[in-house]
Amino acid sequence: MTTLSTRVKNMATSATLAMAAKARELRAQGKDIIGLSLGEPDFNTPDFIKDAAIQAVNDNYNSYTPVDGYPELKQAIITKFKRDNQLSYDPAQIVVSTGAKQSLANIALVSLDPGDEVILPCPYWVSYSDIVKIAEGVPVEVKTSIATDFKMTPDQLEAAITPKTKMLWYSSPCNPSGSVYSKEELRALADVLVKHPHIIVVSDEIYEHINYAGDHASMAQFTDMYDRVVTVNGVSKAFAMTGWRIGYIGAPTTIARACNKMQGQITSGANCIAQRAVITALEADPSKVQYMVDEFKSRRELILQLLNDIPGFSCNEPDGAFYVFPDVTAFFGRTFNGVTINNASDFAMYILEHANVATVTGDAFGNANSIRISYAASTDNIKEACKRIKEAVS
Ligand code: PMP
Ligand code: GLU
């Protein structure tokens, strides 16, 4: 008999990946499922990046890399941070990992002791809470709602801080709400944080380029915060490279060194071919991948228009990323086709079964009133999905 650890028994399965697996399974059974559950660009990786990978294979890049990444890649990351974010890092502050997800896991494992609290403004990205728990930290959820554009206010932050608070984790542009914190809003949060110098901030900026609101602001840009911010980024979203698995951090040297040590015992470093390709990706001007952002922008207009046309859907206007996070509480307590909907999970399940559209319940993101819909899908699929949802709830 296998006895599993309490750690894994207490862990939730990633809801985004679980829903994508469910959609795949239903498709294999012959069902015509439209998948709007996974946050994954539906573009191919651009040719100039693929070419760099092919070149790396032919150049015999096949050995272990330095644990924290090739020096040339770290240099490309330093140049990118300077170019796009006006942030200065030296090589000892950069660690390349197997996706931003591993970057986040490294940070949690090297920063948290049992019982340390991590403030998570809700809705937060699905894996934050479980990564914190794996590291024996305690997630502290700060609830927000559609009324405040799903953003945490400085007062809420202040109220959530206790002597046990070790970190604050957030993403901007946010997965799942699409909300983007302006520089002024970040400054107002920083004004609270400067009074609590023991708190480390994890600023997840993986959607930085998928921003329809204007300038992207980074918490580490404030000189009084720089020494305690870990900036997380990666290539999955901006370059349509989800499966290549490369993420990275710019961090205070102590944290970066510790992440390097942790990763040295877990993966030995990220894939060598992917690392070579990412040098080319990051060295390119961001305008080279702007066509994807333009396309996401027009899909955003389309999906908002179609969802707002469905009575009961209350949509936020996302300024970034490629998700809408509509409030669906208007459907709670109602019965459709003999099925009573009591919460967002029931609603997501109902539209999976009766509209053949896969979304993700907001519970997975710490908000039980909404569902997350990814519009990283073709316009035909978006139109068809909204039509089916409308019919299923009419
Ligand atoms: N952070 C956020 C906010 C995300 O949406 C994702 C999903 N890709 C990740 C981190 C992890 O990205 P990856 O591991 O693919 O780099
Ligand atoms: N980040 C994507 C999402 O939120 C990919 C899935 C995952 O990594 O969990 O859908």
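Bear in mind the structure is a predicted one, so any value in this text is a computation, not a measurement. Counting starts at 1 for both ligands and their atoms, following the listed order. Reckoned from all heavy atoms, side chains included, excluding hydrogens, waters and symmetry mates.
- Cluster annotation: Phe81 is connected to Ile210 through the hydrophobic network of ILVMFWY side chains, with a link wherever side-chain heavy atoms come within less than 4.5 Å.
- When heavy-atom distances to ligand 2 are checked against a 4.0 Å cut-off, Thr242 has no atom that comes that close, whether in backbone or side chain.
- At least one side-chain heavy atom of Met349 sits less than 4.5 Å from a side-chain heavy atom of Glu353.
- When only modelled atom types and interatomic distance are considered, Glu158 and His196 share a side-chain donor-acceptor pair under 3.5 Å.
- Atom numbering of ligand 2 starts at 1 in the shown order; those under 4.0 Å from a heavy atom of Ser14 are 9 (O).
- At under 3.5 Å, a nitrogen or oxygen of Asp204, whether backbone or side chain, sits near a nitrogen or oxygen of ligand 1.
- Of all atoms in ligand 1, numbered sequentially from 1 with element shown, those under 4.0 Å from a heavy atom of Tyr207 are 3 (C), 4 (C), 5 (O).
- Below 3.5 Å of separation, one finds no N or O of Gln102 facing any N or O of ligand 1.
- Thr361 and Asp363 form a side-chain donor-acceptor contact under 3.5 Å, judged by distance and modelled atom types alone.
- Neither the backbone nor the side chain of Phe365 has any atom closer than 4.0 Å to an atom of ligand 2 (non-hydrogen atoms only).
- A 4.5 Å side-chain heavy-atom check between Tyr207 and His216 finds every atom pair outside the cut-off.
- Within ligand 1, the atoms closer than 4.0 Å to a non-hydrogen atom of Gly99 are 14 (O), 16 (O), numbered from 1 in the order shown.
- Within the 4.0 Å heavy-atom criterion, the part of Asn175 lying near ligand 2 is the side chain and not the backbone.
- For a threshold of 3.5 Å applied to N or O pairs, the pair formed by Ser236 and ligand 1 contains at least one separation below that value.
- For ligand 1, the atoms closer than 4.0 angstrom to any heavy atom of Arg245 are 13 (P), 14 (O), 15 (O).
- Ligand-side atoms of ligand 1 in range of Ile206: 1 (N), 2 (C), 3 (C), 4 (C), 12 (O), 16 (O), range being under 4.0 angstrom from any heavy atom.
- When only interatomic distances are considered, the shortest N/O to N/O separation between Gly247 and ligand 1 does not fall below 3.5 Å.
- Atom 9 (O) of ligand 2 has its closest protein heavy atom at Thr16 OG1, 2.7 Å.
- Between Gly39 and ligand 2, an N or O atom pair is found at a separation short of 3.5 Å.
- Among all protein heavy atoms, the one lying closest to atom 6 (C) of ligand 1 is Trp125 CZ2, 3.5 Å.
- Between Tyr212 and Phe296, the distance separating the two ring centers is not shorter than 6.0 angstrom.
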Next on the checklist: Using side chain to side chain donor-acceptor pair (under 3.5 Å), reason through Thr153 and Asp155 one step at a time and then give a plain yes or no.
Outcome noted: CA-CA 5 Å; Thr153 64; Asp155 287 346; 5.4 Å; no
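- Looking at Lys237, Arg372, Lys101, it is Lys237 that brings a heavy atom closest to atom 1 (N) of ligand 2.
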Item to check | Criterion ring-ring contact (aromatic ring centres under 6.0 Å, His included) on Phe331 and Phe313, from CA distance to verdict | outcome: CA-CA 9 Å; Phe331 298 103; Phe313 269 77; 5.6 Å; yes
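- When hydrogens are left out, the protein atom nearest atom 16 (O) of ligand 1 is Ala100 N, 2.7 Å; that is the closest non-hydrogen contact.
- One side chain, Thr162 or Glu117, offers a donor N or O that lies under 3.5 Å from an acceptor on the other.
- Screening Ser172, Ser218, Ser171 for a side chain to side chain donor-acceptor pair (under 3.5 Å) involving Glu205 leaves a single residue, Ser218.
- Ligand 2 has an N or O atom lying under 3.5 Å from an N or O atom of Trp125, backbone or side chain.
- Taking every non-hydrogen atom of Asn175 and a distance limit under 4.0 Å, the qualifying atoms of ligand 1 come out as 3 (C), 4 (C), 5 (O).
- Under a 4.0 Å criterion applied to the non-hydrogen atoms of Leu38, ligand 2 contributes the atoms 5 (C), 6 (C), 10 (O).
- For the pair Arg276 and Tyr61, the cation sits on the ring face: its NZ or CZ lies under 6.0 Å from the ring centre, inside 45° of the axis.
- In the vicinity of Leu17, heavy-atom distances shorter than 4.0 Å reach the ligand 2 atoms 6 (C), 7 (C), 9 (O).
- Here's the thing with Thr98: none of its N/O atoms is less than 3.5 angstrom from an N/O atom of ligand 1.
- Classified by interplanar angle (parallel below 30°, tilted 30° to 60°, perpendicular above 60°), the ring pair His354/Tyr350 is parallel.
- Taking any N or O of Lys101, backbone or side chain, at least one lies under 3.5 Å from an N or O belonging to ligand 1.
- In terms of N/O distances under 3.5 Å, ligand 1 is approached by Lys237.
- The closest side-chain heavy-atom distance from Ser103 to Val95 is not below 4.5 Å.
- Looking only at atom types and distance, the side chain of Lys166 has no donor-acceptor partner in the side chain of Ser111 under 3.5 Å away.
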